[in-house]
Amino acid sequence: MTRLQQQIKLIKRPSGTPTKEDFEFAEVPIGEPAEGEVLIRTNYISVDPYLRGRMNNVKSYVPPFELDSVITSAVIGQVIESKSAHFEKNDVVTGALGWQEYTVVDQSGIRKIDTKLAPASAYLSVLGMTGLTAYFGLLDIAEPKEGETVVVSGAAGAVGSVVGQIAKIKGAYVVGIAGSNEKIEYLKNELGFDAAINYKTVDIKTALANACPNGIDVYYENVGGEIGDAVLPLLNKFARIPVCGAISSYNNQEADIGLRVQGYLIKSSALMKGFTVGDYASRFKEGSEALAGWLQAGKIQYEETITEGFDQTIDAFLDLFQGANLGKAVVKVSDIE
């Protein structure tokens with residue numbers, strides 16, 4: 001008898017903020033691995049803001065999702081059947097896999113993870129793509145120095161929270177921007193940020209000026225919009241701005257219009273550079289080892305918002321655009337045995 005499973009497809013390109021009507025749960029067969037392949041049971045699914053861009057049929061740094069096809073993102077899974085010399089049954093692995101309960105994948109598309117070093121879900125956050133994004137964006141582009149002022153938007157998210165902690169390791173004065181009092185307390189009391197601003201309850205321009213009396217040397221951009229605009233007048237000479245994301249505009253149906261940056265960059269001789277973590281693929285080992293060392297030494301910590309159940313995956317994704325997550329947003333599909 002054919003074994004069946006659930007998967008999630010994109011059936012309509014969202015207009016503005018995605019809704020449940022843009023997705024479909026489908027029942028499809030569980031495949032059988034061929035030589036060099038493994039069958040994986042999904043344990044954890046990563047939901048990430050960048051996936052919204054892949055739902056548009058436009059050219060970007062990754063191809064758009066095809067309609068009526070399964071959505072993919074980073075996944076943690078356990079091998080339940082192997083026809084590969086490199087993987088055994090019960091190995092825990094990660095890869096870019098589909099939003100479905102089981103996946104047949106070629107051995108080249110996955111890698112083993114060490115669950116003795118950290119819980120499996122950490123490889124979707126602090127030891128995964130978001131941790132590496134924080135590491136390379138901050139250290140390669142911004143190069144923070146001791147005593148400098150580093151401002152991080154989206155500071156309580158998966159990337160921003162790691163950025164701020166690495167900046168503290170480097171001796172910087174760190175200011176985080178987030179959207180709830182709970183997140184502000186987390187940044188200051190748990191992660192050791194020097195100051196934190198709830199942009200929903202204060203005038204962001206005034207609050208930033210008060211929190212950064214010596215100006216801003218590094219701005220790690222995750223949000224864009226009015227928050228990014230408020231930073232520009234405070235830039236110090238030779239400031240650096242790694243541009244990681246702009247979640248405030250991902251669901252806009254019209255062009256996002258704000259301050260023109262050129263004058264501010266010229267006056268401050270600032271560097272503003274966009275990047276994606278894939279730019280650093282050849283150095284992932286370096287970043288992973290550094291992050292793991294800091295994690296083991298207790299110098300960085302991480303938070304996860306874990307949603308239970310495959311049937312809640314779409315809800316967990318949509319919650320990203322409401323700022324509902326603290327740290328990395330992950331869906332738990334099944335237990336690791």
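Residue numbers count from 1 along this sequence.
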Donor-acceptor check, side chain of T94 to backbone of I76, threshold 3.5 angstrom: yes or no?
no
N56 and its side-chain hydrogen bond (donor to acceptor under 3.5 Å, both in side chains) partner, picked from R54, R52, K59:
R52
Side-chain heavy-atom pair S15, D22 within 4.5 angstrom cut-off
no
To the closest 0.5 Å, what do you measure between CD1 (I141) and CE (M272)?
11.5 Å
Indicate if V152 and I300 have the same hydrophobic cluster label, given that clusters are the connected sets of ILVMFWY residues with side-chain heavy-atom separations under 4.5 angstrom.
yes
Report yes or no: does E221 contribute a side-chain atom to a donor-acceptor pair with the main-chain N or O of V223 at less than 3.5 Å?
yes
Which word best sums up how the rings of Y280 and F136 line up, parallel for under 30°, tilted for 30 to 60°, or perpendicular for over 60°?
parallel
Hey, is CD on Q296 packed in by over 12 heavy atoms from elsewhere, all under 6.0 Å?
yes
Step by step, would you call F25 with I314 a side-chain contact (heavy atoms from CB on, under 4.5 Å)?
CA-CA 10 Å; F25 284 87; I314 297 172; 3.6 Å; yes
What is the distance from atom CD1 of I40 to atom CD of E81, rounded to the nearest 0.5 Å?
12.0 Å
When every non-hydrogen atom of K83 is compared with those of E35, the smallest separation belongs to O-OE2, 3.6 Å
Donor-acceptor pairs under 3.5 angstrom involving side-chain atoms of residues 206-218: please list them, not counting sequence neighbours.
| unit_1 | atom_1 | unit_2 | atom_2 | d |
| --- | --- | --- | --- | --- |
| T206 | OG1 | D203 | OD2 | 2.8 |
| N210 | ND2 | T206 | O | 3.3 |
| D217 | OD1 | N236 | ND2 | 3.1 |
| D217 | OD2 | T149 | N | 2.8 |

Take atom NZ in K89; do more than 12 heavy atoms of anything else shown fall under 6.0 Å from it?
no
Min side-chain heavy-atom separation Y302-L127 under 4.5 Å
no
Approximate separation, where rounding is to 0.5 Å, of T130 OG1 and L132 CG:
8.0 Å
As an exercise, state the distance from CG of L232 to CD of Q262, rounded to the nearest 0.5 Å.
10.0 Å
Hey, is R3 close enough to E32 for a salt bridge, meaning N to O under 4.0 Å?
yes
Could you walk me through whether C244 and F275 pass the side-chain contact (heavy atoms from CB on, under 4.5 Å) test, one step at a time?
CA-CA 6 Å; C244 172; F275 77 101; 3.9 Å; yes
Between CD1 of I204 and CD1 of I197, what distance do you get to the nearest 0.5 Å?
4.5 Å
Any side-chain donor-acceptor pair under 3.5 Å between T307 and Q312?
no
Do M129 and F284 have side-chain heavy atoms sitting under 4.5 Å apart?
yes
Straight-line distance of E24 CD to I11 CD1, nearest 0.5 Å:
5.0 Å
The test is side-chain contact (heavy atoms from CB on, under 4.5 Å); show your working for T42 and L97 and say whether it passes.
CA-CA 9 Å; T42 300; L97 307 176; 6.0 Å; no
Would you say R283's side chain and A281's backbone share a donor-acceptor pair under 3.5 angstrom?
no
Should the heavy atoms of other residues, nucleotides or ligands under 6.0 Å from NZ of K267 be counted, would the total exceed 12?
no
K205 side chain vs I227 backbone, donor-acceptor pair below 3.5 Å
no
Between P29 and T2, which heavy-atom pair has the shortest distance, and what is it?
CB-CG2, 3.7 Å
Looking at side-chain heavy atoms only, is the closest gap between P33 and V38 below 4.5 Å?
no
Hey, any chance V162 and Y219 share a hydrophobic cluster, counting ILVMFWY side chains that come within less than 4.5 Å of each other, even indirectly?
no
Would N325 and D319 count as having a side-chain donor-acceptor pair, cut-off 3.5 Å?
no
Does L326 offer a backbone N or O that forms a donor-acceptor pair with the side chain of T305 under 3.5 Å?
yes
Decide whether V261 and V231 are clustered together by the hydrophobic rule: side chain heavy atoms of Ile, Leu, Val, Met, Phe, Trp, Tyr closer than 4.5 Å, transitively.
yes
Given side chains that start at C-beta, do those of V330 and S125 come closer than 4.5 Å, heavy atoms only?
no
List the atom of L10, the atom of K12, and the distance in Å for their closest heavy-atom pair.
CD1-O, 3.4 Å
For S180 and E182, test the side chains for any donor-to-acceptor distance below 3.5 angstrom and give the result as yes or no.
no
Pair T115, Y123: side-chain N/O donor-acceptor within cut-off below 3.5 Å:
no
So does E66 have more than 12 non-hydrogen atoms from other groups sitting under 6.0 Å from CD?
no
Would you check if the side chain of Q78 reaches a backbone N or O of N90 as a donor-acceptor pair within less than 3.5 Å?
yes
Check the hydrophobic clustering (I, L, V, M, F, W, Y; side-chain heavy atoms under 4.5 Å; chains of links allowed) and say if F87 and I80 are grouped together.
no
Give the intermediate values and the outcome of side chain to side chain donor-acceptor pair (under 3.5 Å) for residues S288 and Y135.
CA-CA 9 Å; S288 296; Y135 178 89; over 6 Å; no
Would you call L265 and I241 a side-chain contact if the rule is heavy atoms closer than 4.5 Å?
yes
Donor-acceptor pairs under 3.5 angstrom involving side-chain atoms of residues 99-107: please list them, not counting sequence neighbours.
| unit_1 | atom_1 | unit_2 | atom_2 | d |
| --- | --- | --- | --- | --- |
| W99 | NE1 | S73 | OG | 2.8 |
| Q100 | OE1 | Q7 | NE2 | 2.7 |
| Q100 | NE2 | Y102 | O | 2.7 |
| Q100 | NE2 | T103 | OG1 | 3.3 |
| E101 | OE1 | Q6 | N | 2.6 |
| D106 | OD2 | S108 | N | 2.9 |
| D106 | OD2 | S108 | OG | 2.6 |
| Q107 | OE1 | S84 | OG | 2.5 |

Hydrophobic cluster membership, L124 vs V163, 4.5 Å side-chain cutoff:
yes
Checking N43 side chain against D335 main chain: does a donor-acceptor pair fall under 3.5 Å?
yes
Donor-acceptor check, side chain of K183 to backbone of G154, threshold 3.5 angstrom: yes or no?
no
Can you name the closest pair of heavy atoms from A195 and Y173 and give their distance?
CB-OH, 3.9 Å
Got a sec: does the NZ of K168 have more than 12 other heavy atoms crowding it under 6.0 Å?
yes
Over all heavy atoms of both residues, which pair between K188 and A196 is shortest? Give the atoms and the distance, please.
CG-CB, 3.8 Å
Counting only N and O atoms by type, is there a donor-acceptor contact under 3.5 Å from the side chain of T72 to the main-chain atoms of A96?
no
Report the C-alpha separation of I8 and F310 in whole Å, then their side-chain angles, then the decisive distance to 0.1 Å, and conclude whether the side-chain contact (heavy atoms from CB on, under 4.5 Å) test is met.
CA-CA 9 Å; I8 299 173; F310 182 73; 3.7 Å; yes
Any chance you could lay out the salt bridge (charged side-chain N to carboxylate O under 4.0 Å, His left out) test for K332 and E304, step after step, and finish with the verdict?
CA-CA 11 Å; K332 183 179 178 181; E304 297 170 323; over 6 Å; no
For V175, is there any backbone N or O sitting under 3.5 Å from a side-chain donor or acceptor partner on D194?
no
pair I71-F23: side-chain heavy atoms closer than 4.5 Å:
yes
Close side-chain approach of I257 and R260, heavy atoms under 4.5 Å
yes
